[in-house]
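Here the structure comes first, spelled out in structure tokens, and everything after it is commentary.
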Amino acid sequence: MPGTVYVITSGKGGVGKTTTTANLGGALAKLGRQVALVDADIGLRNLDLVLGLEKRIVYDLVDLVEERCQTRQALIKDRRFDNLYLLPASQVKDKESVTEDQMRIVMRKLAADFDDVLIDCPAGIEHGFRNAVAGADQALIVTTPEVAAIRDADRILGMLGNRRCRLIINRVRVEMVRTGDMLSVDDVVEILGRDVVGVVPDDEEIIDTTNRGEPIVLDASRRLARIYNAIARRLLGENVPLTNLSEDGLWGRLRRLVTGTGQ
Amino acid sequence: MTVQIKGTKSGLLLHLQERPLSGAVAELRERLTSLPGFYKGSRAVLMLGSLPAEQSEVSAVIATLEQFGIVADGAVCDDAQLAALARSAGLRLVGASIAAAPRIRDDRTDVPERRRERDGGRSRKSARNGRAGAAPDGSATLYYKGTVRSGQSLSSVGHIVVIGDVNAGAELVATGDIVVWGALRGVAHAGAEGDDSASVAALRLEAMQLRISRAIAVAPDERRRKKPAQPEIARLRDGRITTEPATL
Amino acid sequence: MTDINREEMTVEEALSLSNQEAPAETAREAIARPDKKVSLGRTIVVTSGKGGVGKTTTTANLGSGLAEAGKNVVVVDADVGLRNLDVTLGLENRVRKHLLDVIEEKCSLDEALVRDRARRTLFLLPAAQDREKDDVPQDKMAALVRTLAERFDFVLIDSPAGIEQGFRNAVVGAKEAIIVTTPEVSAVRDADRIIGLLPPDVESRLIVNRVRPALVKKGTMMSVSDVVDILRLELIGVVPDEKDIIIAANRGTPVIDIPGSETGAAFRRIVQRLLGESIPIPTFQAADGFLTRLKMTLGLQRPDTRGG
Amino acid sequence: MLDFITRFFRREEASGSQAKERLRLVLMSDRVSLAPEIFDAMKGEMISVVRRYLDIDEGGLDVHFESAERRFMLLANIPVLSIRPKPNGDGHAALVSEKMPRRRRRRRKPQVAPDAETPSVEPDAPVEPDTSL
């Protein structure tokens with residue numbers, strides 16, 4: 001049975017697509033899935049940086065599409081996981097050189113060998129976006145609870161046709177939601193009218209891990225690692241309740257110690 | 001469809017992996033007659049793949065191209081015997097990565113030309129004059145002053161000298177040596193056509209990846225942290241890339 | 001581009017002008033009329049490569065600040081299809097026509113321009129929302145920017161993220177560029193890529209946005225000097241990362257209007273530098289001295305690991 | 001500047017709810033402008049209903065959405081040529097007084113009240129302006 005191809009998209013840039021792709025892919029790999037991550041952001045390559053694999057790139061997506069190498073030559077294995085591979089974007093070659101049909105062919109090839117294929121989609125709605133979406137069965141829309149991000153997410157939802165779309169609400173600042181200066185998860189769901197597969201709190205630690213090229217899911221003790229693990233399990237159909245972020249904080253951890261309810 | 005003609009910034013890539021090659025010659029002629037003057041004056045690299053072929057077939061391909069004003073510039077061969085045959089037919093052997101890497105290219109080349117002339121070189125921020133000077137041994141040396149930015153790629157049949165930094169995400173590909181008078185943070189590929197004697201030197205050698213001829217070396221992580229104190233040069237020592245302080 | 005034929009207005013005069021409800025057409029507005037001006041206004045594209053680093057916020061705040069300093073300013077949303085400059089300025093419900101209507105001559109420039117609520121000399125040219133970026137022909141965009149430069153002192157163009165047609169359209173008319181980045185590895189890499197794509201004759205300057213001094217001190221974030229060392233551009237501003245930005249965006253007002261906001265103050269300093277004043281760039285030291293520790297103990301400030 | 005400061009300090013509603021309200025309005029107008037075929041279909045049906053009661057000059061017809069201050073409205077300028085003596089087709093008689101003032105009718109505003117259900121364009125409606133995907 002061919003694997004599922006997800007496109008991780010958002011419209012607005014800088015909401016955390018690449019970080020989500022890297023950590024969600026890592027979480028799926030830790031659950032034993034064969035996972036391929038595809039960086040479709042030709043010209044603005046970043047997934048390799050977040051994974052710390054930038055130094056090992058010899059061939060890239062454009063080489064594969066223009067048949068200068070085989071699939072296995074272009075895929076880079078992340079040694080810290082058992083079954084996580086990266087197909088990097090090209091930093092030098094043009095984005096225009098790749099067509100939607102070529103992307104569909106490459107994605108179908110990957111879906112044959114992998115359980116899950118996650119495509120890191122470029123920001124915007126131009127040629128790069130259309131390429132990234134072309135080969136995808138489902139879409140995960142990453143947004144933050146901010147006006148501009150939600151508006152762009154709504155625009156993207158209108159362009160994804162009848163694919164299954166689910167939301168990942170990223171960088172939720174719990175204390176601002178409490179003071180009413182940030183939309184709540186329910187607000188975002190009500191406005192965009194789609195179901196949520198993950199809610200990720202805003203956390204400084206993630207900046208450290210992306211800068212060092214070490215996905216946070218590598219350290220299972222980290223709060224965010226548990227959250228990405230929960231999202232991965234939801235993707236695989238498991239019914240994992242969404243953490244109520246406010247109680248996940250200091251008091252939440254204390255209460256959990258007392259009542260012993262883990263996530 | 002056996003023959004694919006792919007236009008890249010630096011010329012044409014002809015995919016001629018199928019055999020017999022003579023079949024490709026016929027199709028090539030038919031494709032080119034349908035748009036006679038279209039490719040006139042461009043250069044082509046023949047991707048001959050790895051299957052054996054006849055000397056006459058390769059020459060026929062070159063002759064056909066010449067009829068349409070296309071100069072067969074090089075060949076990418078994944079097989080030694082085929083490579084020898086291509087060399088004897090007068091084709092330069094080109095590494096796969098150099099075939100893809102455009103000659104001197106940064107995306108600004110497609111900025112409307114008139115805009116660049118009209119405003120002259122007023123930019124004092126970073127001079128961008130890349131000049132190719134001929135070296136005594138006939139190979140050109142590409143001399144580039146300024147920062148080579150992420151996404152830019154300089155390639156040269158010959159040496160490359162950069163006065164300035166080569167940022168991560170940028171790429172230098174040369175058939176000869178590479179010298180960077182500044183910090184080399186991107187990817188440098190010297191001796192791209194199999195010249196094992198090529199070298200890569202820089203004031204601050206922090207390359208993401210060093211390639212000399214067929215060998216590839218990945219910069220070790222810890223060294224990246226502490227800035228190297230003095231200039232270094234990377235060479236190929238019995239198949240492995242080693243770096244030592246540069247005494248130019 | 002010194003404006004020799006216009007007396008320099010003091011800030012008070014500009015403020016009094018902008019607060020009057022419907023002033024008689026002042027000399028300044030007369031000049032904005034479409035009669036050809038002698039000197040062309042400055043055309044500046046605000047770009048970044050990476051998305052979400054603060055291009056639109058920067059365009060809105062610099063535009064507002066320049067207008068407040070008495071300049072005639074138009075901010076152009078070149079992000080066709082993903083329009084956001086209007087919500088940042090709180091003008092979303094006044095948008096009738098847009099940039100593409102003007103280019104396709106479906107309406108005049110004046111019909112598409114939206115005057116700012118707070119500043120009389122600030123205008124917005126909104127992007128089309130129902131179209132693709134590839135619909136905007138590059139030469140027509142250049143001509144439009146030139147027309148705007150004849151009428152306004154400053155033309156700020158908010159570029160879309162990425163390096164595709166949208167970016168090329170945003171850049172084509174501009175003589176100057178402001179590159180916005182954050183001190184993160186991928187943002188700096190993409191900014192570097194953009195600088196490499198700008199025509200050599202464009203004068204580029206750098207804003208490092210969303211700087212978090214505590215993280216720089218901890219070594220988690222690159223320092224501003226690290227960023228400048230790689231990008232090698234003249235630094236024109238450093239903007240701290242504060243919650244005010246989110247609150248201002250929610251309200252649809254520029255952050256320079258939030259009293260006491262460090263972010264707003266930083267944008268005001270950049271406006272003055274754009275107007276030629278040389279103001280030193282403050283380095284944001286992480287105030288982890290007595291004051292911060294005091295706040296920590298009083299529980300006024302979250303402990304470092306962000307409790308939920 | 002002073003009035004700005006005072007206006008700001010008056011504890012306005014939390015900015016989050018302001019954002020939610022603004023988003024509700026702006027997404028409505030975005031979505032409508034994105035689905036021209038739905039808008040045209042609605043316009044067509046409106047005209048056919050009106051034509052049963054009035055002779056209208058379709059050339060001068062102008063129907064568009066407007067959001068002003070805090071309300072999102074559908075505005076229709078329908079130039080009336082004459083009143084139909086007996087509404088054709090539909091059975092029930094229109095109670096229209098004969099003495100119509102000569103000047104054009106006041107602009108008709110079928111208003112979409114702000115708290116009414118969102119207009120015909122449901123967020124989940126399969127809005128596919130870009131069928132190429």
Side-chain angles (χ1 to χ4, degrees), chain A residues 10-18 41-47 49-50 91 95-96 122-129 144-149 151-152 155-156 159 173-176 181-183 201-205 207-208 210-213 223 243-253, chain C residues 48-57 79-88 92 129-130 132-134 160-167 182-187 189-190 193-194 197 210 212 214-215 218-222 243-247 249-252 302-308:
Chain A
S10 67
K12 181 105 181 53
V15 294
K17 277 189 300 301
T18 302
D41 204 345
I42 297 173
L44 291 174
R45 178 170 86 191
N46 283 317
L47 187 51
L49 274 175
V50 171
Q91 187 63 348
K95 216 176 271 205
E96 277 74 25
I125 55 173
E126 299 180 73
H127 185 72
F129 164 78
T144 64
E146 291 168 71
V147 173
R151 191 186 191 183
D152 289 356
R155 177 75 209 277
I156 290 294
M159 298 178 72
R173 297 167 79 137
V174 183
E175 75 286 0
M176 285 187 78
D181 280 327
M182 182 172 265
L183 297 174
D202 189 37
D203 194 324
E204 281 172 12
E205 288 174 11
I207 300 174
D208 205 22
T210 32
N211 273 348
R212 285 207 312 273
R223 179 165 70 119
T243 40
N244 173 337
L245 283 185
S246 51
E247 57 106 312
D248 190 25
L250 189 60
W251 303 113
R253 280 196 287 278
Chain C
S48 68
K50 185 146 180 25
V53 295
K55 281 187 298 303
T56 303
T57 308
D79 203 344
V80 174
L82 286 175
R83 173 165 73 192
N84 273 318
L85 193 47
D86 56 351
V87 285
T88 310
E92 68 275 10
Q129 182 70 335
D130 52 0
E132 303 290 332
K133 287 192 186 60
D134 322 344
I163 55 172
E164 300 181 73
Q165 189 55 44
F167 160 75
T182 61
E184 281 163 293
V185 179
S186 45
R189 173 80 60 85
D190 292 355
R193 174 82 204 240
I194 284 292
L197 292 178
R210 297 194 164 179
R212 297 165 76 150
L215 294 187
K218 261 191 342 188
T220 309
M221 241 179 199
M222 298 164 74
K243 288 191 284 199
D244 302 350
I245 285 277
I246 297 174
I247 295 171
N250 288 342
R251 296 206 198 289
R302 288 256 148 250
D304 243 351
T305 53
R306 186 58 64 83

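Since we're looking at a predicted model, the values are computed, not measured. Per chain, numbering begins at 1; letters A, B, ... match sequence-line order.
The CG atom of C:Leu215 sits 8.5 Å away from atom CG of A:Asp208, with the distance rounded to the nearest 0.5 Å. In this structure, the separation between NE2 on A:His127 and CD on C:Gln165 is 11.5 Å, given to the nearest 0.5 Å. Note that the NZ atom of C:Lys243 and the CE atom of A:Met182 stand 10.0 Å from one another [nearest 0.5 Å].
Contacts with chain A were tallied for C:Val87, C:Thr56, C:Thr182, C:Val53; C:Val87 has the most, counting heavy-atom pairs under 4.5 Å.
A:Leu49 touches chain C through its side chain: at least one heavy atom from C-beta onward sits under 4.5 Å away, while N, CA, C and O do not.
In this structure, A:Asn211 and C:Met221 approach most closely via the heavy-atom pair ND2-CA, 4.1 Å. Annotation for A:Ile125 and C:Gly81: closest pair CD1-CA, 3.8 Å, computed over non-hydrogen atoms.
Residues A:Arg155 and C:Arg83 are not in side-chain contact: their nearest non-hydrogen atoms beyond the backbone lie 4.5 Å or more apart. Side-chain contact check for C:Lys50 versus A:Leu44: every heavy-atom pair is 4.5 Å or farther apart. Between A:Asp152 and C:Asn84, the closest side-chain pair of non-hydrogen atoms falls below 4.5 Å. Under the 4.5 Å side-chain criterion, counting only non-hydrogen atoms from C-beta, A:Arg212 is not in contact with C:Thr220.
A:Asp181 and C:Asn250 are not linked by any side-chain donor-acceptor pair at a separation below 3.5 angstrom, with hydrogens and angles left out of the test.
The pair C:Glu92-A:Arg151 does not meet the salt-bridge criterion, since no charged nitrogen lies less than 4.0 angstrom from a carboxylate oxygen.
Using modelled atom types, one side-chain atom of C:Glu164 and one backbone atom of A:Gly128 make a donor-acceptor pair closer than 3.5 Å.
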